[in-house]
Amino acid sequence: MIKDLVQTDNDYVYFFLRVVAGAIIFPYGMQKLFGWFHDLGGGVGIYKSLEQLRKKKIPLLIAWLIIIGQSFGSMMLIFGCLGRVAAGGNFIIFMGALIVHAPDGWTMNWLGKRKVKGLSISSYSFQFFL
């Protein structure tokens, strides 16, 4: 069983999907962990990320798991180290994000002028992980 979790398949399709998923998740993790990508609307660092997650009534342990899962899980996907574990963890994180952000709407609202409609990034990433 451990071999199945650690093993990385030698297929170009899985490699491509792993790298793309890791590259999509990597900026989110680095925003929360180190405060990178501030000019892209994020980049608050660990303390502010924990504060924001606590405001949404997410327990501290779960908030830490989100930060660690997005940060190191994305790198594990890119490098192919424990890819199944990382993909499973990030799947759980994105399902939680869908539930937490459902009242706000699921599409990007760049200008903040209206309530958002339909499904977007979160639902697409959900389909991608399936």
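Heads up: numbering here begins at 1 and tracks the sequence.
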Residues 64-76, side-chain donor-acceptor partners within the protein, below 3.5 Å, at least two apart:
residue : atom : partner : partner atom : Å
Q70     : OE1  : K32     : NZ           : 3.0
S71     : OG   : G29     : O            : 3.0
S71     : OG   : I67     : O            : 2.7
S74     : OG   : Q70     : O            : 3.0
S74     : OG   : S71     : O            : 2.9

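For residues 68-77, the set of pairs meeting the salt bridge (Lys or Arg N to Asp or Glu O under 4.0 Å) definition, not counting sequence neighbours, is empty. Listed by first then second residue, pairs satisfying salt bridge (Lys or Arg N to Asp or Glu O under 4.0 Å) with a partner in residues 66-76 number zero, not counting sequence neighbours. Residue pairs meeting the salt bridge (Lys or Arg N to Asp or Glu O under 4.0 Å) criterion with at least one partner in residues 61-71, sequence neighbours excluded, are absent.
With R18 contributing its side chain and L77 its backbone, the two residues share a donor-acceptor pair below 3.5 Å.
Using a 4.5 Å cut-off on side-chain heavy atoms (C-beta onward), E51 and K55 make contact.
Note on I24 and I92: separate hydrophobic clusters, where clusters join Ile, Leu, Val, Met, Phe, Trp and Tyr whose side-chain heavy atoms are under 4.5 Å apart, directly or indirectly.
Residue F15 belongs to a hydrophobic cluster whose other members are V19, with links defined by side-chain heavy atoms closer than 4.5 Å.
For the side chain to side chain donor-acceptor pair (under 3.5 Å) test, residues two or more places apart in sequence or in another chain that qualify with R84 are D9.
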Quiz item: Given I25 and F94, is the side-chain contact (heavy atoms from CB on, under 4.5 Å) satisfied, shown in steps?
Solution: CA-CA 10 Å; I25 299 167; F94 274 94; 3.8 Å; yes

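L33 contributes atom CG, which lies 9.5 Å from atom CZ of F26 (distance to the nearest 0.5 angstrom).
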